[in-house]
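As a basis for the values below, the full set of heavy atoms in this structure was taken, side chains included, without hydrogen atoms, waters or symmetry mates.
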Amino acid sequence: MSNSTTVTEFLFEGFSSFGWLHRVVFFAIFLSLHLLTLSSNVIIMTVIHLDRHLHTPMYFFLSMLSLSETCYTVAIIPRMLWGLLSPHQPITAQACATQLFFYLTFGINNCFLLTAMGYDRYVAICNPLRYSVIMSKEACVQLASGSLGIGLGMAIVQVTSVFGLPFCDAFVISHFFCDVRPLLKLACADTTVNEIINFVVSVCVLVLPMGLVFISYILIIATILKIPSAQGRKKAFATCASHITVVIVHYGCASIIYLKPKSQSSLGQDRLISVTYTILTPLLNPVVYSLRNKEVKDALCRAVGQKPLSS
């Protein structure tokens, strides 16, 4: 019989190294940002649903992204906030696996929804005469469903891979939520195959979508530069500005965490980047699309009974 014991509960290291006062400050800041994210995304979804001017493929994908971001943050932030006030509360292995599943499902779903939005912009600018045919309601639903399906499939692969490993003795997760790399470091077995699976999944859900978005924007820029009028070029660029801003931040943070070599991986650094990725990035989506998008601002004005800005 081995002296090691099978771990059935984990503890998050989280922010336990900080003093009580610092944790209370973090709690207030993160709670405020979380509530702002939730309320902003709910407003975006509600306005898009109620305003017929926004019943277009672009805003359909934006509402799906807002819904996905909401589910994504709910899977992570409430537990993190609880950990700030009570840092030594255990989480069962089953609850940890559940959190990891929803985190991966909606995180990967976000990646492919952003890719679908990039494709929508490509069709709108490069093939405008066939836009309504190509981006039909059925096609949009299929793209959104496919994004969620990929997220579910990849999440099942990752969770099965990680929790198929034995965990003996070590139970403190060097993070504030259940993520793949911190869990692999706790396993008491060879994790080479799991590391390969994690890398392949990361490439599939980050490099592939990034590549597709990059190609889309090369074609978009080439088409825009052929527009004879400066005003026309400016208007075309403006329809893409919000999307490309969200894409750069979203893929940038995720790539730093999941695509860098294991030898260069610092869990402390990953934790800091994850704060940005899980708290600030979901807020960026509604902020960018509401502040930089004239149609959304006009819809918000109509929703509160004010005169649209563009009229």
Side-chain angles (χ1 to χ4, degrees), residues 7-43 66-110 155 158-159 162-163 167 169-187 246 249-250 252-254 256-258 260 265-287:
V7 173
T8 58
E9 291 184 335
F10 297 100
L11 285 178
F12 293 122
E13 182 179 326
F15 303 92
S16 59
S17 60
F18 291 89
W20 167 251
L21 182 58
H22 288 96
R23 294 203 309 274
V24 170
V25 172
F26 285 144
F27 175 85
I29 293 173
F30 294 160
L31 176 62
S32 300
L33 291 173
H34 181 52
L35 293 176
L36 184 59
T37 299
L38 292 179
S39 58
S40 299
N41 279 313
V42 168
I43 290 171
S66 293
L67 177 60
S68 183
E69 292 278 23
T70 299
C71 296
Y72 172 82
T73 56
V74 168
I76 303 298
I77 306 303
R79 180 80 200 198
M80 184 198 74
L81 293 172
W82 183 26
L84 282 168
L85 297 182
S86 184
H88 301 298
Q89 293 295 321
I91 181 171
T92 65
Q94 292 84 357
C96 187
T98 301
Q99 186 185 59
L100 179 62
F101 172 78
F102 285 110
Y103 164 70
L104 292 173
T105 295
F106 292 110
I108 294 169
N109 183 44
N110 293 343
Q158 284 281 56
V159 172
V162 171
F163 284 90
F167 295 93
D169 299 329
F171 60 92
V172 179
I173 301 174
S174 297
H175 215 322
F176 55 85
F177 66 92
C178 293
D179 199 3
V180 176
R181 278 188 168 175
L183 285 166
L184 290 181
K185 288 186 177 293
L186 299 182
V246 174
V249 176
H250 181 93
C253 291
I256 292 172
I257 297 174
Y258 295 107
K260 67 181 178 181
S265 179
S266 164
L267 291 179
Q269 185 183 58
D270 288 353
R271 202 181 317 163
L272 180 62
I273 298 170
S274 293
V275 170
T276 301
Y277 189 62
T278 56
I279 297 176
L280 297 180
T281 302
L283 178 60
L284 179 70
N285 170 40
V287 168

Novice: Using side-chain heavy atoms (C-beta onward) and a distance below 4.5 Å, is Val162 in contact with Phe167?
Specialist: yes
Novice: Quick check: closest heavy atoms across Phe106 and Tyr72, and the distance to 0.1 Å?
Specialist: CB-CB, 3.8 Å
Novice: How close do Asn110 and Glu69 get, heavy atom to heavy atom, and via which atoms?
Specialist: ND2-OE1, 3.3 Å
Novice: Taking CZ in Phe27 as the centre, count heavy atoms belonging to other residues, nucleotides or ligands within less than 6.0 Å. Is the count above 12?
Specialist: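 Counting neighbours around CZ of Phe27, more than 12 heavy atoms of other residues, nucleotides or ligands fall under 6.0 Å, so yes.
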Novice: My understanding is that only one of Leu11, Leu186, Asp179 makes a side-chain contact (heavy atoms from CB on, under 4.5 Å) with Ile173; could you say which?
Specialist: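 In the set Leu11, Leu186, Asp179, the residue that makes a side-chain contact (heavy atoms from CB on, under 4.5 Å) with Ile173 is Leu186.
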Novice: Is there side-chain contact between Ile77 and Phe177, with at least one heavy-atom pair below 4.5 Å?
Specialist: no
Novice: Output the distance between atom CG (Leu81) and atom NE2 (His34), rounded to the nearest 0.5 Å.
Specialist: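 Taking CG in Leu81 and NE2 in His34, the distance rounds to 6.5 Å.
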Novice: Per the side-chain contact (heavy atoms from CB on, under 4.5 Å) rule, which among Leu280, Leu38, Val275, Thr73 passes with Leu33?
Specialist: Leu280
Novice: Could you report the tightest heavy-atom contact between Thr105 and Ala155, atom names first, then the distance?
Specialist: OG1-CB, 3.2 Å
Novice: Calculate, to the nearest 0.5 Å, the distance between atoms NE2 and CG belonging to His175 and Leu183 respectively.
Specialist: 9.5 Å
Novice: Given side chains that start at C-beta, do those of Phe12 and Pro87 come closer than 4.5 Å, heavy atoms only?
Specialist: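 Not touching, per the 4.5 Å side-chain cut-off.
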Novice: Quick one: CD on Gln99 to CZ on Phe10, what's the gap to the nearest 0.5 Å?
Specialist: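 Reported to 0.5 Å precision, the distance equals 12.0 Å.
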Novice: Apply side chain to side chain contact (heavy atoms under 4.5 Å, CB included) to residues Trp20 and Leu85 and explain how you reach the verdict.
Specialist: CA-CA 8 Å; Trp20 167 251; Leu85 297 182; 4.1 Å; yes
Novice: Nearest 0.5 angstrom please: Ile76 CD1 to Leu100 CG, how far?
Specialist: 8.5 Å
Novice: First locate atom CG of Leu31, then atom CD1 of Ile29, and finally report the distance between them rounded to the nearest 0.5 Å.
Specialist: 11.0 Å
Novice: Does Ser86 reach the main-chain N or O of Gly83 with its side chain, forming a donor-acceptor pair under 3.5 Å?
Specialist: no
Novice: Taking atom CZ of Phe163 as the centre, does the number of heavy atoms from other residues, nucleotides or ligands within less than 6.0 Å exceed 12?
Specialist: yes
Novice: How many angstroms lie between CG in Leu36 and CD1 in Ile279, if you round to the nearest 0.5 Å?
Specialist: 12.5 Å
Novice: Could you pull out the closest heavy-atom pair between Gln158 and Val180, with the gap in Å?
Specialist: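 Looks like NE2-CG2, 3.9 Å.
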Novice: Should the ring pair Phe15 and Phe26 be called parallel, tilted or perpendicular, given that the plane angle runs from 0 to 90° and is split at 30 and 60?
Specialist: tilted
